[in-house]
Colleague: 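One structure is given below, represented as structure tokens, and several questions about it will come after.
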Amino acid sequence: MCNCGHDSLVPQIGIITGITQETPDVKTFRVNAPDGGKLFEHMPGQCAMVCVPGVSEGMFSITSSPTNKEFQEFSIKKCGILTEQLHSLQVGDEVTVRGPYGNNFPVETEFKGKNLLFIAGGIGLAPLRSVINYCLDNRENYGRIDILYGSRSADDLVKLKEIQEVWMKAPNVNVYLTIDREQEGWDGHVGFVPTYLKEIGFSTDCIGIVCGPPIMIKFVLQGLKEMGFTDEQIYTTLELRMKCGIGKCGRCNIGSKFVCKDGPVFRFDQIDELPNEY
Amino acid sequence: MYKIAIKDLNTLFSKIAEEQELILPIKKAGQYNFGVYEEGCDIDGILTNKTVKSGKDAFFPQFETLYNVRKKITPADELENGEEAANTKIRTKLTIEAEALKDKDFVIFGMRACDVKGVEVLDQVFLTDPVDNYYKARREHGIIVALACHEPEESCFCTVFGIDPADPSKSKADVATWIVGEELCWKPITEKGEALTKKIESLLASADDSAVDAEIANITSIMDKLPNTKLSLEGWGKGKTDEKFNSDVWQKIYTPCLGCGTCTFVCPTCQCYDIKDYTTKDGIQRYRCWDSCMYSDFTLMAGGQNRTSQVQRFRQRFMHKLVYFPDRYDMYSCVGCGRCVDKCPQSLNIVKVIKAFENEQKEAGANV
Amino acid sequence: MQGLIDRLTALLSDGTVARVIGWKKGDMAYNPEPHMFETAESLKDFVYDGFCGANLSKMMIEASKLEGKTAVCLKPCDTYSFNQLIREHRVVRENAYIIGVGCRGKLDIEKIKKGNKGITSISGTELDGSDDIKIETIYGDKNISYKDALLDRCHVCKGKDHMIFDEVWGESKDTADQERFAEVEKIEAMTPEEKFAFFRNELSKCIRCNACRNVCPACSCRKCIFDNTKFDAQQKANVVSFEERMFHIIRAFHVAGRCTDCGECSRVCPEGIPLHLFNRKFIKDIDKFYGEFQAGKDPEAQSPLTDFTFEDIEPGERG
Ligand SMILES: Cc1cc2nc3c(=O)[nH]c(=O)nc-3n(C[C@H](O)[C@H](O)[C@H](O)COP(=O)(O)OP(=O)(O)OC[C@H]3O[C@@H](n4cnc5c(N)ncnc54)[C@H](O)[C@@H]3O)c2cc1C
Ligand code: SF4
Ligand code: SF4
Ligand code: SF4
Ligand code: SF4
Ligand code: SF4
Ligand code: FES
């Protein structure tokens with residue numbers, strides 16, 4: 001259910017109150033309402049439309065956790081017209097934001113009391129970070145947490161500082177990092193995420209949450225299945241072209257679903273039911 | 001039931017237009033399209049000719065501004081005291097001015113039963129949470145005067161979808177009208193319709209409800225003779241995704257499709273839109289305009305996904321109308337108006353699609 | 001027509017061609033659709049009658065990329081388009097087996113529908129059919145003359161010779177009985193205000209579908225400028241003056257010197273806008289300024305607009 005207020009297509013103004021350069025092409029933007037408060041309340045996994053007026057508007061995962069009471073964050077990868085413009089903005093500049101849109105990870109239902117295995121690649125960490133921090137802030141509600149995160153290189157690991165200083169130190173949390181190719185100064189694991197996944201060999205007593213480039217998702221899914229995971233045990237997010245964000249413009253329509261409204265979070269058995277067009 | 005002589009319709013229209021905007025079919029450069037009534041506009045033949053586009057523009061215009069954004073760019077040396085310029089030279093401040101919603105009543109005259117059903121289809125989309133306020137405001141202020149189809153055309157197949165072109169009083173219209181001889185019979189259906197009727201009562205004479213019986217019977221018998229009204233929808237609808245999506249019939253029939261989108265633009269139920277920015281001299285206009293799943297850029301993303309071939313896009317249009325929409329909203333999103341049948345430059349259309357699947361089934365049956 | 005089907009069947013069966021592009025029988029009296037026939041068996045649905053106005057040459061762009069030869073049925077006017085496509089390296093001549101089909105003009109269903117609703121059958125429109133066609137409707141039957149129902153373009157037909165073909169089938173009949181530039185001259189004679197009003201009125205009907213562009217054999221760019229998202233115009237916004245007028249004017253400029261006057265744009269426009277008038281005005285001016293030129297007549301000929309000679313008209317000179 002969306003709580004985007006009465007004018008679902010008219011955005012609010014958001015002020016950029018902080019920018020962190022995460023990797024050469026990813027920046028995290030901290031955004032507040034003009035009065036300094038939060039723009040809206042959201043749940044982990046939800047997204048919002050961020051717009052540089054005159055350029056264009058794009059859908060981005062809200063990467064900060066709902067438990068953050070001060071601001072919202074978006075981790076944005078530079079890849080086109082809009083994202084390039086966003087990367088040229090500075091603290092104090094304004095953008096427009098509308099949302100939150102879409103469903104969320106079932107952190108209060110299916111995930112509760114379970115062990116969780118997060119598997120992310122590259123910018124795919126953005127939506128998962130919201131869930132991870134939510135779970136860490138409500139630690140008593142969840143069992144063991146394993147996080148497997150990989151990127152092209154050590155410089156491409158988003159939110160590395162937070163991973164090392166917060167996640168790795170949290171109780172009953174195991175973090176596994178990997179990069180695609182050998183690199184000077186990196187003494188951690190080297191190899192693709194799906195391969196590393198099999199090397200570690202997680203037990204199936206948990207829920208798998210996968211997010212990353214389509215090719216990674218494909219092989220991770222294969223890996224998890226080989227390890228004995230069922231479709232009902234694995235969650236992911238779908239990414240399609242979006243314009244309205246509210247299930248009306250038709251762009252993200254697959255079968256009877258609108259990814260912007262009924263997704264972006266899907267369980268794999270739900271994805272299996274969709275016509276193969278994503 | 002009321003009536004008015006057809007020759008006096010212009011008087012009726014100008015009376016209605018005095019108090020509120022009146023939208024009706026107008027003949028312009030040889031074609032019939034819905035437009036705003038003005039003194040002297042050409043209304044010759046509007047009672048019997050199907051419009052090129054449906055009346056959906058009245059509620060969901062092909063183009064509309066959503067809001068305007070003004071940008072104020074402040075050089076750093078003019079920033080107020082205490083405001084820190086970070087590492088910046090300028091600041092961009094924005095103000096958003098949402099476009100005013102429709103706040104005046106208007107009348108739309110001459111929609112057919114199929115067009116009215118088309119509005120019902122749009123309602124499913126735009127009035128479900130989260131509500132589209134631009135649409136909702138127009139729906140609340142719009143008064144629909146529907147017209148029974150005096151001369152249905154060979155492309156019409158509305159009855160296949162359970163629509164009765166003979167009796168618009170069964171539709172969601174506010175007023176139903178019929179052509180009976182030299183007169184137009186007028187029957188208010190809803191409160192809105194009653195209120196409109198009150199305003200023009202002086203021009204109307206009263207008539208018996210049975211005055212339209214013969215016309216209803218006549219239209220019903222014509223519909224029965226039309227070639228496409230026997231179409232069977234068996235095999236379509238809810239839950240047919242796998243069966244239809246994976247069929248190889250699409251590949252066999254799509255080739256001539258130009259991806260031109262004509263079929264979606266003339267269709268009363270197509271609701272897909274684009275949202276775009278336009279930079280004007282005093283701000284940025286954010287507008288929406290109709291879009292079409294037939295267009296190659298509709299879903300295009302960096303990785304080239306999804307629906308990258310015309311056969312996939314062609315399939316999307318018909319699957320959406322006949323399977324996905326029923327799945328989601330429990331009704332077809334084709335109303336059988338026949339406009340795509342009339343207007344596709346390559347003579348493809350939803351009827352041919354339905355027939356192609358039917359033939360395939362027959363052939364498959366014959367081969368077993 | 002059976003003769004043509006037999007010939008096509010033979011071509012398919014003996015392996016000369018791998019497929020046939022032609023017209024497939026419609027489900028109504030007047031709506032055959034362009035179709036790619038892949039088997040001899042499927043040719044039972046092949047049709048060639050008065051309603052086969054669609055120009056099939058553009059379908060050869062895709063068909064050229066397929067394995068083997070494709071037989072394509074082209075009317076005399078369609079062959080100009082095909083030549084032009086060769087000129088622009090959009091089709092591969094060697095991959096086409098061109099059947100030049102005879103033509104006695106094609107019919108305009110919009111003209112027939114005026115005054116004839118509820119059509120259930122139309123007969124006598126074949127190539128060897130009668131001078132009158134019989135229209136049956138649920139409201140009554142009527143005979144009209146074939147000539148009165150012709151597409152406008154057929155009244156100014158460039159001639160019934162095929163500009164390019166491998167073989168010819170069927171007997172053509174001359175249909176040109178109007179002056180090609182008469183309509184253009186009528187508009188040229190208008191005052192600027194009248195001209196503006198005329199085009200405003202016509203173009204205000206444009207619903208900005210892309211039928212005219214997508215059907216046009218000269219509009220074969222892989223990505224049209226109007227589909228470029230980086231082009232700051234109110235794309236798809238049909239009600240603003242730019243889209244309303246400029247789209248068509250820019251398109252006319254883009255096809256100038258390449259438009260063969262095939263008339264498809266006007267035939268397919270759902271709003272009946274006489275789009276060919278723009279292009280024909282350009283043709284008339286090109287003829288006047290650079291000497292007579294017919295795009296598509298000769299695939300080797302240089303178009304005056306992509307050529308330079310010292311005799312060329314100077315910018316600013318008017319016609
Ligand atoms: C539900 C959802 C969540 C997302 N979350 C994030 C996030 O947290 N961080 C992030 O960096 N990106 C995210 N994206 C992707 C982001 O929306 C696009 O990368 C962005 O809109 C591209 O805009 P652009 O103007 O810079 O690119 P453009 O210049 O418009 O295009 C660059 C290329 O990207 C393609 N593109 C356009 N829209 C999308 C899209 N929605 N997805 C993928 N490719 C697209 C274009 O077709 C083009 O080929 C998300 C997308 C969705 C649908
Ligand atoms: S089906 Fe016809 S009208 Fe629709 S996009 Fe294809 S060619 Fe155009
Ligand atoms: S799909 Fe065709 S027949 Fe059906 S409502 Fe749309 S235009 Fe009318
Ligand atoms: S998906 Fe296609 S058929 Fe369905 S409403 Fe949108 S444009 Fe129309
Ligand atoms: S489809 Fe039905 S309601 Fe629509 S114009 Fe034809 S007869 Fe009338
Ligand atoms: S512009 Fe029109 S007449 Fe000229 S080639 Fe294109 S479709 Fe034919
Ligand atoms: S983005 Fe418009 S329907 Fe999903």
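First the proteins, then the strands, lettered A, B, ... as listed; each starts at 1.
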Colleague: Count the heavy atoms of every other residue, nucleotide or ligand shown that sit under 6.0 Å from CZ of A/Arg181, and state whether that count exceeds 12.
Modeller: no
Colleague: When you measure from the side chain of A/Lys248 to the backbone of B/Pro130, do you find a donor-acceptor pair of N or O atoms at a distance under 3.5 Å?
Modeller: yes
Colleague: Chain B heavy atoms under 4.5 Å from A/Gln12: which part of the residue, side chain, backbone, both or neither?
Modeller: backbone
Colleague: B/Thr95 versus chain A, heavy atoms under 4.5 Å apart: side chain, backbone, both or neither?
Modeller: backbone
Colleague: Please tabulate, for the side chains in residues 77-86 of chain A, all donor-acceptor contacts under 3.5 angstrom to protein atoms that are two or more places apart in sequence or on a different chain.
Modeller:
residue: A/Thr83; atom: OG1; partner: A/Cys79; partner atom: N; Å: 2.9
residue: A/Thr83; atom: OG1; partner: A/Gly80; partner atom: N; Å: 2.8
residue: A/Thr83; atom: OG1; partner: A/Gly80; partner atom: O; Å: 3.3

Colleague: Sub-3.5 Å donor-acceptor pair from the side chain of A/Lys243 to the main-chain atoms of B/Asp274, do we have one?
Modeller: no
Colleague: Would you find more than 12 non-hydrogen atoms of other residues, nucleotides or ligands less than 6.0 Å from B/Lys252 atom NZ?
Modeller: yes
Colleague: Checking heavy atoms, do the side chain of A/Cys51, its backbone, both or neither come under 4.5 Å from chain B?
Modeller: side chain
Colleague: So for A/Pro34, is it side chain, backbone, both, or neither that comes closer than 4.5 Å to the heavy atoms of chain B?
Modeller: neither
Colleague: Considering only NZ, NE, NH1 and NH2 on the basic side and carboxylate oxygens on the acidic side, decide whether B/Lys71 and A/Glu94 come within less than 4.0 Å.
Modeller: no
Colleague: Considering residues at least two apart in sequence or located in another chain, which fulfil the ring pair (Phe, Tyr, Trp, His ring centres under 6.0 Å) criterion with A/Phe60?
Modeller: none
Colleague: What option among A/Cys252, A/Pro213, A/Pro11 has the most heavy-atom pairs under 4.5 Å with chain B?
Modeller: A/Pro11
Colleague: For the candidates A/Leu274, A/Ile15, A/Val95, A/Asp262, which exhibits the highest count of non-hydrogen atom pairs separated by less than 4.5 Å from chain B?
Modeller: A/Asp262
Colleague: Within residues 19-33 of chain A, which positions have a heavy-atom distance to chain B below 4.5 Å?
Modeller: none
Colleague: Under 4.5 Å between any side-chain heavy atoms of B/Asp242 and A/Glu273, yes or no?
Modeller: no
Colleague: If I take atom OG from residue A/Ser56 and atom CZ from residue B/Arg286, how far apart are they, to the nearest 0.5 angstrom?
Modeller: 7.0 Å
Colleague: For B/Tyr273, is there any backbone N or O sitting under 3.5 Å from a side-chain donor or acceptor partner on A/Arg251?
Modeller: yes
Colleague: Checking A/Leu89 against chain B: side chain, backbone, both or neither under 4.5 Å from a heavy atom?
Modeller: neither
Colleague: At a 4.5 Å cut-off on heavy atoms, which part of B/Arg315 comes close to chain A: side chain, backbone, both, or neither?
Modeller: side chain
Colleague: Can you name the residues that form a side chain to side chain contact (heavy atoms under 4.5 Å, CB included) with A/Pro127, not counting sequence neighbours?
Modeller: A/Ser61, A/Cys211
Colleague: Between A/Ser256 and B/Asp327, which heavy-atom pair has the shortest distance, and what is it?
Modeller: CB-CB, 3.5 Å
